[in-house]
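Taking it in order: structure first as structure tokens, then the write-up.
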Amino acid sequence: MTEAKRVEVKDLPEQEGEVVGIGGWVETLRVHGKVAFAVVRDGTGVVQCVLARDEVGDELWARGSELTQETSVAVRGEVTREPRSPGGFELRVVELDVLGASEAYPIQPKEHGVEFLMDHRHLWLRSSVQRSVLRVRAEITHAIHDFFYREGFTRIDTPILTGSIGESAGTLFSTEYFGETAYLAQTGQLYLEAACPAFGKVYCFGPTFRAEKSKTRRHLTEFWMVEPEVAFADSEENMRLQERFVTHLVGWALDRCAGELEELERDTLPLEKVRVPFPRISYTEAVELLRSRGSEIEWGSDLGGADETMIAEEFDLPVFVYNYPRQAKAFYMKENPDDPRTVLCNDLIAPEGYGEIIGGSQREDDLDRLLARIREEKLPEEAYEWYLDLRRYGTFVHSGFGLGIERTVAWITGRSHVRELIPFPRLMNRLTP
RNA sequence: UGGGGUGUAGCUCAACUGGCAGAGCGCCUGGCUGUUAACCAGGAGGUUGAAGGUUCGAGCCCUUCCGCCCCAGCCA
């Protein structure tokens with residue numbers, strides 16, 4: 001192919017009248033007797049490329065009119081303003097090279113079932129809805145780092161391979177590790193607590209593994225979680241950080257992903273309402289509310305998905321539910337001095353039925369009470385020796401939380417299942433591709 | 001693990017009460033100069049998830065197994 005200025009599709013409107021080159025993949029081809037339309041995607045956008053038989057000659061016509069779905073091509077043509085073309089511009093083809101042929105592409109621009117699409121996840125990524133949700137995910141992860149950088153946090157990368165330590169046993173993936181058993185991390189929190197006295201405000205962001213045999217639209221066995229931890233912050237400050245953080249993520253998505261949210265047909269009005277402060281309701285108040293709405297929940301048991309949805313419906317913002325019964329929560333959460341039946345913690349429930357996106361707490365900083373809780377839960381005390389050291393050498397009030405990325409992106413994009421919101425989901429029955 | 005559903009062409013789905021296995025899309029052939037998931041005509045394409053049973057006859061009924069989806073639990 002002769003030399004032509006190589007451009008990205010998103011920049012084509014600025015090149016009107018110029019002859020430019022693009023590289024991309026054929027999404028669809030519509031051939032008439034003497035004119036053909038090929039829609040080409042390059043990753044930055046899509047453009048309709050037009051071949052007129054009378055203009056391009058027999059050889060190019062033959063090549064262009066036999067393009068198949070997802071053939072990779074290099075196209076050279078004139079950028080033309082054209083109201084009949086989607087996007088208002090098209091490329092009038094002068095030259096076209098097939099770079100990589102594509103025979104019988106499995107995914108049609110029609111409906112498919114979930115299993116078929118997941119079996120072809122490596123190709124499904126090219127589809128417009130998948131591109132949009134994964135673009136939003138990428139922007140959200142960027143917004144996460146932006147927020148914590150600007151707030152003065154230091155990023156701490158916590159290990160993925162760990163010894164036996166975490167929230168509880170029985171939900172960990174294990175693997176052989178030079179004759180020992182290693183476990184895949186289900187939280188970075190305990191390591192962050194160790195980094196806290198070194199840096200004050202820290203966070204980690206990475207994959208998390210849960211060997212639960214969960215089969216719901218809200219669960220993955222491998223998911224990404226961002227976890228901040230703040231020295232000298234109590235539960236109250238923790239919730240204020242959470243609402244500022246979530247507001248930042250939503251605002252970032254509205255600013256930078258308007259096109260994607262439109263493509264996804266997401267009603268952005270509920271998102272535009274998101275601002276601090278978020279409504280708060282104590283666990284005890286939540287139980288009273290639920291019982292007044294006909295639920296038979298007993299004080300002491302954890303809230304289920306239906307309970308969360310019922311609470312979310314009372315508000316049009318994310319809502320904090322705080323201070324749960326201690327038997328429903330993890331050993332490291334600090335006892336509530338005003339009501340020792342409960343611990344200083346909170347969940348954040350997203351609106352519109354998307355459920356829990358954050359779990360957070362103030363941590364137990366008293367050595368004796370923490371030790372008592374470890375023994376109460378019958379956890380292996382030896383494994384927690386280094387964690388207990390943090391209470392022996394300059395213990396301090398501190399709090400933190402974990403926000404699930406896929407659930408947050410599900411809410412922001414309005415998608416119903418988290419499996420679409422990570423490029424290659426790992427589920428109980430899905431390890432490939 | 002428990003409850004509910006489902007499995008038919010490459011894909012998405014029909015098939016009445018148990019009675020000749022079908023459509024749309026995709027693919028192949030031909031037609032068409034402005035399509036927008038193009039349209040029109042023709043063609044190829046099936047071990048009805050697997051095994052067994054009932055019946056003159058099973059995609060449909062029965063038994064067992066397998067896959068998938070939804071809900072619950074666990075949590076983010």
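Just so we're on the same page: letters track the sequence lines, and every chain starts at 1.
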Tell me the partner of [N], counting only Watson-Crick (N1-N3 plus N6-O4 or O6-N4) or G-U wobble (N1-O2 and O6-N3) with both under 3.5 Å; none if nothing fits.
| N | answer |
| --- | --- |
| B:rU63 | B:rA51 |
| B:rC20 | none |
| B:rA38 | none |

Across the strands shown, which category fits [X] at heavy-atom distances under 4.0 angstrom: base, sugar-phosphate, nothing?
| X | value |
| --- | --- |
| A:Ile358 | sugar-phosphate |
| A:Asn429 | sugar-phosphate |
| A:Phe116 | sugar-phosphate |
| A:His120 | nothing |
| A:Glu115 | sugar-phosphate |
| A:Gly304 | sugar-phosphate |
| A:Thr216 | base |
| A:Gln69 | nothing |

Original post:
What is the distance from CG of A:Asp302 to P of B:rC75, rounded to the nearest Å?
Top reply: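 Checked: the CG to P distance equals 6 Å.
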Subject >> Of A:Ala104 and A:Val50, the one whose closest RNA chain B nucleotide lies more 5' >> reply: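 Comparing both residues, the 5'-ward one is A:Ala104.
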**OP:** Could you verify whether a donor N or O on one side chain and an acceptor N or O on the other, from A:Thr284 and A:Trp299, lie under 3.5 Å apart?
**Re:**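 Short answer, yes.
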Original post:
Does a donor on one side chain sit under 3.5 Å from an acceptor on the other, for A:Glu193 and A:Tyr332?
Top reply: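 A:Glu193 vs A:Tyr332: no donor-acceptor pair found between side chains.
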Original post:
Any idea which heavy atoms bring A:Val397 and A:Ala233 closest together, and the distance?
Top reply: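 It is CG1-O, 3.5 Å.
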Subject >> Minimum heavy-atom distance A:Thr68-A:Val26, with the two atoms named >> reply: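 A:Thr68 and A:Val26 have their closest heavy atoms at O-CB, 3.8 Å.
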Original post:
Is there a donor and acceptor pair, one atom on the side chain of A:His219 and one on the base of B:rC75, closer than 3.5 Å?
Top reply: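 Such a pair exists between side chain and base.
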**OP:** Could you encode protein contacts along nucleotides 36-46 of chain B as a string, one character per nucleotide from 5' to 3', using B for base contact, S for sugar-phosphate-only contact and - for no contact, with a heavy-atom cut-off of under 4.0 Å?
**Re:** BBB--------
**OP:** For A:Asn238, check side chain to side chain donor-acceptor pair (under 3.5 Å) against everything at least two apart and list the hits.
**Re:**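 None.
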Subject >> P-based separation of B:rA21 from B:rU29 [nearest Å] >> reply: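 One P to the other, the span is 31 Å.
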